[in-house]
Amino acid sequence: CPAKNKLDFLSPDIYMEAYRHTAARLVSSTAAKLQDLTQSGVKKHDAWNQCTVQLARAAKAHCHYITVKNFAEAVVKIETQAGIQKIMKHLCDLFALHGIFSNAGIFLHDGYISGTQMDMVTASYLDLLPVIRKDAVPLVDAFDFTDKSLNSALGSYDGQVYQRLYEWAQKSPTNTQMSPAYERYLKPLLHK
Amino acid sequence: INPDIASERQTASFSVEKLMAWLDGSAEHTRIRRAVVEAIECDPVFSRENQYFQSQNERYEEAVKKAVHLQKKMQEMGWTENGPEYKYIYRALAGDVAFLLHRVFMRSISMLGSDKQVAKWIPLATQYQLIGSYAQTELGHGTYLQGLETTAVFDITTQEFILNTPKISAMKWWPGDMGRSATHTVAFAQLYIHGKCYGVHPFIVQIRSLQDHSLCPGITAGDIGPKMSFEHADNGFLMLQNVRIPRENMLSKFCEVQPDGTYVRWGSQKINYFTMTSVRISLISDEVITPVMKACTIAIRYSVVRRQSKLKPGEQEAKILDYQTQQEKLLPQLAAAYAFHLISNYLQELFDRGYREIQRKNFDMLPELHAFSSGFKAIITQYCTSAVEICLRACGGHGYSLLSGLPSLYTKILASCIYEGENTILLLQTARFLIKCFMAASAGQPVPPSVTYLAAVKPGK
């Protein structure tokens, strides 16, 4: 991986190539294992079954790669306000670096990304968090869910969380309908 | 407005309205979407206010009431199934409406039925003169279609198919709308002619009387009982005992049994997967990405209101979103919501292109489309289910209350890892395609554009 410093890992070309390399490696190594097994006389369906965990992982790596690639390409095409392209670039970087950070093993496996480079990934990844944090609320506001659609005491637009939790709890049938438990069990217990 | 959240909005580095328009595709789409939301949310019949306090029966009844009312609403508003508003309706209703499988019933007839069958059944379904379901999964069999045990034997003397679920494991299990609503269903069964099996095919079967909704002869059906979520849906079971249906009820756009028992096919066997490919791609945006966007919205807004312990001694307790660990929980999920919103658009474009080719009887794209939709359905549902769980847990105890909205989002999205193909099986279907492409690329043969990167790998052996 040609990255020399942590900023290099904010380049889509760099992280896309890492994803592409890893996906290709997982597919080819699993294919090689399949071939080994069949050439050593194992029946095809048995060989397949012995590779399914790696096959599933290769498929995930492929889809993850395509998702990162598609995100990066979509960001380049953004023609609306410059601020949007910038924040989307941050999000794309975060998504990609989070994928490398939380699946470090498969990227380190053949040394394509070195330990030192993984430190750079971690640094860039964590640097992005406070940057995006500033725009976190506007980024979710853009999803444009009404309070009724969210139907959540915690997520309302006006942020009146505690009032709403209390209000809704009072509407609960556990508060509005008398429970026979008192007459049947509690009262006799308390007046024993 | 709570000042803690108001202040977050004053320092935005971009225009929220412009980002919204970009997400929607254009400002006009935003306008249409908002108009649909407004129309639905001001109608009390669609209110979800008491959702968290209702029993399963009450939820089902409400869902049916909404679905019926929605038809009137659509007429009133001039919305049509092909109009720009349609895709926003379901989002605005938050999925809390019956007859979802009725839509799949119609889609499968549109895709797999001949022109004559479409002309006969689709108007009836569109006007709700019947209610359809889509019965594929069996008690003992799921994604592996070839393993289905329901049988359809062609009786040449009466020009009918005789359908049976010969064992308890063959009983259809899970189809929505089946338990208490549907009058008809598309049922997948192994076709037998003169004792020879021709594989799984779709058949239209009437299961309840249009007069009094009683079960038809030979049909046993009912609700499968309590589930982790989907209280509003009557997921059902279906047993068939020598149920006879006319020859014309086998969907025959791509294959047919002629009166003399000859079986004719034009196109690949995989075409039966096509309905599922289409459903997988469409469910990604409605059933998976919208919920994860909601979960992020709830968790992030709560995290700028909730203050807990201090970052700097002597200062006010900090907003929990100011902690790196809280950012590291939530912000990658937010990035993923955007990433998958974009890939969902990409998949839809790929599907539309594939569908146009298939209508021209060119099936070349089918394998890639099937592999893509399988793999992405798996990875997106898996990623998003985990994301919603992280959002719920990031909200502490309040996240655990139904009133937060997060438990409902979580229990519902979890199902998406299982229905329309269990994720591991789908990933292996994608892997099968990748291995084939890798072998082809290694031999210098052409491969679809999405996997050309495999050609760059020098095979070790």
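We use all heavy atoms of the structure for the numbers below, so side chains are in, but hydrogens, waters and symmetry mates are not. Just so it is clear: chains get the letters A, B, ... in the order the sequence lines come, proteins before strands, and each one is counted from 1. This is a predicted model, so every value here is computed, not measured.
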Sort [X] into side chain, backbone, both or neither according to what part of it lies under 4.5 angstrom from a heavy atom of chain A.
| X | result |
| --- | --- |
| B:Lys319 | side chain |
| B:Ala337 | side chain |
| B:Val304 | side chain |
| B:Leu321 | both |

What part of [X] lies closer than 4.5 angstrom to a heavy atom of chain B: side chain, backbone, both or neither?
| X | value |
| --- | --- |
| A:Ser156 | backbone |
| A:Lys171 | both |
| A:Leu129 | both |
| A:Lys134 | backbone |

Taking every non-hydrogen pair under 4.5 Å, which of [options] racks up the most with chain B?
| options | answer |
| --- | --- |
| A:Ala24, A:Gly83, A:Ala169 | A:Ala24 |
| A:Leu91, A:Thr146, A:Leu154 | A:Leu154 |
| A:Ile132, A:Leu126, A:Leu150 | A:Leu150 |
| A:His90, A:Arg25, A:Gln163, A:Met88 | A:Met88 |
| A:Thr30, A:Ile84, A:Leu34 | A:Ile84 |

- [ ] Quick one: sort the B:Phe340 and A:Phe95 rings into parallel, tilted or perpendicular, breaks at 30° and 60°.
- [x]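 Plane angle over 60°, so perpendicular.
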
TODO: Sort and list the pairs that fulfil ring pair (Phe, Tyr, Trp, His ring centres under 6.0 Å) and have at least one residue in residues 118-168 of chain A, not counting sequence neighbours.
DONE: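 Non-adjacent pairs meeting ring pair (Phe, Tyr, Trp, His ring centres under 6.0 Å): A:His98-A:Tyr125, A:Phe101-A:Tyr125, A:Phe143-B:Tyr338.
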
- [ ] Verify the distance criterion only: is there a donor paired with an acceptor across the side chains of A:Ser149 and B:Glu41 at less than 3.5 Å?
- [x]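 No, no side-chain donor-acceptor pair sits under 3.5 Å.
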
Task: Basic-acidic side-chain contact under 4.0 Å: A:Arg133, B:Glu328 - done: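 Salt bridge absent between A:Arg133 and B:Glu328.
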
Task: Residues of residues 56-70 of chain A contacting chain B, heavy-atom criterion under 4.5 Å, by residue number - done: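 If one takes a 4.5 Å heavy-atom cut-off, the residues of residues 56-70 of chain A near chain B are A:Ala56, A:Ala58, A:Ala59, A:Lys60, A:His62, A:Cys63, A:His64, A:Tyr65, A:Ile66, A:Thr67, A:Asn70.
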
